[in-house]
Amino acid sequence: MKKSLLSVAAVLSAAFLLVACGGATPSGSGVAAYKTANFGMSKEEVQALPEFSDWEVLPDELSAVQRIEAYDYDVFLAFENDKLNAVQILTPVWSADEYDTEIMPAAENLVKYFTAAYGQPSEDQGVPYLMDFSPGVKYTVCTWNTEQVWASVVVMQRDRDDYGFVVACHVLPQE
């Protein structure tokens with residue numbers, strides 16, 4: 001009985017993952033990367049999907065500003081050997097004055113989004129306090145390590161003259 005409940009839970013989780021990520025198509029590996037793009041799809045296949053037709057085309061990636069829940073993020077789909085192999089999501093650079101009003105909420109927004117897609121994080125350190133930061137150091141807020149993907153949400157203070165803050169998310173297929 002316990003085994004069959006776990007099997008049902010696994011099937012429901014996989015179905016929820018596909019719905020939460022936008023209903024991935026059967027092309028590529030079948031593992032949802034972003035919206036209907038799957039890991040393993042070629043750049044041409046991704047560009048042929050309606051929601052990616054107006055994305056900026058760069059040599060090894062596609063990029064666009066995308067609204068995820070309440071915030072706009074720069075989303076990059078990275079290709080290696082013409083196969084989609086990574087997704088990176090970035091916020092604009094914000095100053096320390098905007099930590100409580102922009103940075104923390106943007107990080108929490110991504111955590112909420114990916115928790116809906118992948119379930120509870122494997123690790124959850126929470127969003128760090130402003131005083132915990134050092135220039136150039138990246139703080140992992142949450143990670144998800146599922147059978148299909150590895151994802152993380154991080155907050156980092158850039159090691160540049162402006163010491164601006166960025167929230168980033170990385171999604172990779174499991175090998």
Side-chain angles (χ1 to χ4, degrees), residues 8-94 102-124 127 138 140-156 165-175:
V8 170
V11 169
L12 289 174
S13 295
F16 182 72
L17 174 65
L18 291 176
V19 170
C21 288
T25 62
S27 298
S29 68
V31 175
Y34 183 74
K35 294 193 176 189
T36 57
N38 290 335
F39 287 113
M41 291 176 78
S42 70
K43 191 191 293 186
E44 187 176 297
E45 288 175 309
V46 173
Q47 287 177 276
L49 297 169
E51 62 267 67
F52 298 101
S53 62
D54 61 346
W55 283 43
E56 182 178 0
V57 179
L58 303 167
D60 291 322
E61 64 188 28
L62 299 174
S63 70
V65 174
Q66 296 281 289
R67 178 154 297 280
I68 299 175
E69 304 293 332
Y71 285 86
D72 288 335
Y73 299 90
D74 292 318
V75 179
F76 300 89
L77 304 182
F79 295 82
E80 185 174 325
N81 298 321
D82 196 39
K83 299 291 181 199
L84 178 56
N85 74 334
V87 177
Q88 184 175 34
I89 300 171
L90 299 170
T91 64
V93 177
W94 284 309
E102 298 292 344
I103 298 160
M104 286 182 72
E108 290 164 350
N109 185 59
L110 286 176
V111 169
K112 178 182 167 187
Y113 178 78
F114 285 103
T115 298
Y118 304 130
Q120 290 301 313
S122 308
E123 295 179 35
D124 184 352
V127 180
K138 137 174 98 168
T140 301
V141 176
C142 289
T143 57
W144 292 262
N145 193 4
T146 73
E147 288 183 19
Q148 296 186 319
V149 299
W150 177 89
S152 71
V153 174
V154 300
V155 179
M156 60 189 135
F165 287 86
V166 175
V167 178
C169 178
H170 306 279
V171 183
L172 304 169
Q174 291 286 17
E175 296 292 322

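These numbers come from a predicted model, not from an experiment.
The closest side-chain heavy-atom distance from Asn38 to Val31 is not below 4.5 Å. Side-chain contact between His170 and Val87: absent, with no pair of heavy atoms (C-beta onward) separated by less than 4.5 Å. A heavy-atom distance below 4.5 Å is not found between the side chains of Thr143 and Pro121. Using a 4.5 Å heavy-atom cutoff, the side chains of Lys35 and Phe52 are in contact. The closest side-chain heavy-atom distance from Glu123 to Thr140 is not below 4.5 Å.
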Please determine whether side-chain contact (heavy atoms from CB on, under 4.5 Å) holds for the pair Ile103 and Val167, giving the CA-CA distance in whole Å, both sets of side-chain angles, and the decisive distance to 0.1 Å.
CA-CA 7 Å; Ile103 298 160; Val167 178; 3.8 Å; yes
Given side-chain contact (heavy atoms from CB on, under 4.5 Å), test Val166 with Val155 step by step and report yes or no.
CA-CA 6 Å; Val166 175; Val155 179; over 6 Å; no
Evaluation steps, side-chain contact (heavy atoms from CB on, under 4.5 Å), between Thr91 and Glu102:
CA-CA 9 Å; Thr91 64; Glu102 298 292 344; over 6 Å; no
Derivation of the side-chain contact (heavy atoms from CB on, under 4.5 Å) call for Glu56 and Leu62:
CA-CA 6 Å; Glu56 182 178 0; Leu62 299 174; over 6 Å; no
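Considering CD of Glu61 and CG of Leu77, their distance stands at 8.5 Å, rounded to 0.5 Å. In this structure, CZ in Phe39 is found 12.5 Å from OH in Tyr34, a value given to the nearest 0.5 Å. Atom OH of residue Tyr73 and atom CG of residue Leu90 lie 11.0 Å apart, to the nearest 0.5 angstrom. Atom OG1 of Thr36 and atom CE of Met41 lie 7.0 Å apart (nearest 0.5 Å). Expressed to the nearest 0.5 Å, how far CG of Asp82 lies from CG of Asn85 amounts to 11.0 Å. The CD atom of Gln66 lies 4.5 Å from the CH2 atom of Trp55; values are rounded to the nearest 0.5 Å.
Within a 6.0 Å sphere centred on CG of Asn81, other residues, nucleotides and ligands contribute 12 heavy atoms or fewer.
In this structure, Cys142 and Asp124 approach most closely via the heavy-atom pair SG-OD1, 3.3 Å. When every heavy atom of Lys43 is checked against every heavy atom of Pro59, the shortest pair comes out as NZ-O, 2.7 Å. The nearest pair of heavy atoms linking Phe76 to Ser63 is CD2-CB, 3.4 Å. Closest approach of Val171 to Tyr118, counting heavy atoms only: CG1-OH, 3.6 Å.
In this pair, Trp144 and Phe114 present their aromatic rings tilted. The plane angle is within the 30 to 60° band.
Checked by atom type, the side-chain pair Asn145/Gln174 shows a donor-acceptor distance below 3.5 Å. For the residue pair Glu69 and Asn109, no side-chain donor N or O sits within less than 3.5 Å of a side-chain acceptor on the partner.
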